[in-house]
There are 2 protein chains.
Amino acid sequence: MKKFVTIKDIAKKAGVSINTVSRALNNKPDINPETKKKVLEIAKELGYIRDLSALSLKNGVTRTIGVVFEDSSNPFYAEVFKGVEHQARKYGYQVILMNTERDYIREIQAVETLIEKRVDGIIISPTQFDKKDIEHLINLNYPFVVLGVHFENSQFDEIYSDDLKGGYLATRHLLERGKQKILMINAYMYKSVAKMRYLGYKRALEESGLQPYFMVEIEEGYESCFNKILELKNMSYDAVFCFNDVFAIAALKALKALNKRVPQDVAVVGYDDISYASFVNPSLTTVRIDKYKEGMIAFDLLHERLTEKRTEPAQIVLDVELIERESS
Amino acid sequence: MKKFVTIKDIAKKAGVSINTVSRALNNKPDINPETKKKVLEIAKELGYIRDLSALSLKNGVTRTIGVVFEDSSNPFYAEVFKGVEHQARKYGYQVILMNTERDYIREIQAVETLIEKRVDGIIISPTQFDKKDIEHLINLNYPFVVLGVHFENSQFDEIYSDDLKGGYLATRHLLERGKQKILMINAYMYKSVAKMRYLGYKRALEESGLQPYFMVEIEEGYESCFNKILELKNMSYDAVFCFNDVFAIAALKALKALNKRVPQDVAVVGYDDISYASFVNPSLTTVRIDKYKEGMIAFDLLHERLTEKRTEPAQIVLDVELIERESS
DNA sequence: TTGTATGCGTTATCAC
DNA sequence: GTGATAACGCATACAA
């Protein structure tokens, strides 16, 4: 690769010092307009492109944030990412995205790399399998925001949705539809989201004088849920409340394979309201989270930290909303 | 934010020079094992984390590549991205993702920023609205790979799918199903992909002694296609070949709204085979591209450049495959 | 208004 | 085996 033009090259060609070049490039006041014009012209002519690595080193600031997500191919995170990006652009920040594929080891590595890159801050959706990486960030006093989950007694910034309410709304809705044997397909409960959604499910049932019917924790992903439904084919249930829409879409497919009618035989409710939830047939009843907003707020929280507008931990809980469609 | 520990800090505490610290940290041979051990211990104790900005500046290498995609929330790109990431991880590279939202201005900015960051190379899916940014990369002799599209007479690395074949397969399939009035909902034809898919459509029709029935170019995105189908509600057609699956899924929804039966009244074929293509109901007949592979190869092409294993431009054309499902 | 010198964190070249 | 020192590209305090 060709070597890049540096301010030194410009200085030489313009017959001035690098200092003057720097002044011209950065719109500093104390410079002769003529000199400035000349320098700028030469810079353009030579095709100068500043080196952000050098700037980072100099300034101790990268104007870059890191985002660590479980799975950016899940439309939920894709949408959140766009929200983050939107705000980042607005404030002139770059975003580095790292996927963990829900692998805690990868999560640790991702955080480590981002620190090595000295990103100004990090937005992370942790697996919650463990939290060494989070503790590391705390010890370093590194600015970060946890997205999507909640740690008990956390003293750092978090944004997540009201999952208890979501689980509650979904389940109550199914009860109102006359369903009683409500199966819940959940993610692993070490994740706060999974736990809260379960508690919402439980609460709604108990309010109706019922006990949780059956809850099963499985690995996340379409296949995983599809297989589970097939596996439970001899179980009797009249509704399924799924941890998220990816699960729910898998459930729809699996139920179809089992010749169950949705919602007559089995009603299905998902969570997240990804766009595909309304595209499937029957369209999916689900709990909506404003994903874009979640991403935007996550960035804003981080930005407040970076600019030290706020030093106290903030915990934002996003409201959720039940979206009734054909599957229930 | 706390200041980071530097090799200088380690040196001071260990009572050695920074040079020695560097040697210990980088596993250099010419160092006393005892010294090394001691230095490493102190480094750990102090919580040393190397500064990649400084390394970049020193080495002129970032071990980072940039990826510029039209829309990473389209599952097509999400999947490609995973392929890129997979290979990048394998070779120890980081990946920066930038979305352009199909905005050419943003595309230019994205490329500019990546160059400023001195990423080692770039993988880009250009809008093809114009190609100033591509030319810039060429002029700089910057390593890059174009993904998903093809520029005529290009002298740089490209990976794209056999879109002519794809368009042909899709259309011939519809003809074989007895459809004759095949509407094509296309993206803008300044994109080579859109153009080639159209040419495939045309060829298949001409082979059957037919002329292209009707092709319309629209902006990409679900809404755009949904609205177009509604708009064309008085048109007579018995099949729709869509530029991609997002379009096709929108078409399914719109046709349902128009009370058309799929595939009896109108058959639908998409393109890409995103996972949701099989989740919708009726499931979608589509042209499959191996997206993960496309991403992996894109990285490999770039990596060959970076390591100078290859200097000649490579043009990889991925084969495609028709996946027959319920919508046709 | 402009230039010189220093330092950001690191590695590499060269003495010792 | 170890330590000074320069260099990477840039911004800036200070000197001129």
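Reminder, nothing fancy here: chain letters follow the sequence lines and each chain counts from 1. What you see below is based on every heavy atom in this structure, not just the backbone, and it leaves out hydrogens, waters and symmetry mates. Bear in mind the structure is a predicted one, so any value in this text is a computation, not a measurement.
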- Item | Cationic N near anionic O, under 4.0 Å, D157(A) to R310(A) | yes

- Message: Quick test of your reading of the model: are R63(A) and D120(A) salt-bridged, counting only N-O distances below 4.0 Å?
- Response: no

- Item | Under the ring pair (Phe, Tyr, Trp, His ring centres under 6.0 Å) test, residues paired with Y77(B) that sit two or more places apart | F69(B)

- Considering residues at least two apart in sequence or located in another chain, which fulfil the ring pair (Phe, Tyr, Trp, His ring centres under 6.0 Å) criterion with H303(B)? Y91(B), Y93(B), F299(B)

- Using atom CG of L25(B) as one end and atom P of dA12(C) as the other, report the distance to the nearest whole Å. 12 Å

- Message: Can you give me the bend angle of the helix from dT1(C)-dA16(D) to dC16(C)-dG1(D)? Use the axis through the first five pairs and the one through the last five, nearest 10 degrees.
- Response: 50°

- Query: Do the side-chain N or O atoms of K3(B) get closer than 4.0 angstrom to the phosphate oxygens (OP1, OP2) of dG9(C)?
  - Reply: yes

- Name all pairs fulfilling the salt bridge (Lys or Arg N to Asp or Glu O under 4.0 Å) condition that reach into residues 39-50 of chain A, sequence neighbours left out, sorted by first residue then second. K13(A)-E45(A), K37(A)-E41(A), R50(A)-E116(B)

- Task: Scan residues 77-94 of chain A for pairs that pass salt bridge (Lys or Arg N to Asp or Glu O under 4.0 Å), counting only residues two or more places apart or in two chains.
- Result: K82(A)-D71(B), K82(A)-E101(B)

Polar atoms only, N or O, under 3.5 Å: list the protein pairs with nucleotides 12-16 of chain D and their distances.
{"from": "dT12(D)", "atom 1": "OP2", "to": "K28(A)", "atom 2": "NZ", "distance (Å)": "3.2"}
{"from": "dA13(D)", "atom 1": "N6", "to": "N19(A)", "atom 2": "ND2", "distance (Å)": "2.6"}

- Query: Regarding E70(A) and T127(A), is there a side-chain donor-to-acceptor distance under 3.5 Å anywhere?
  - Reply: no

- Query: Do you see a donor-acceptor pair shorter than 3.5 Å between the side chains of S56(A) and S53(A)?
  - Reply: no

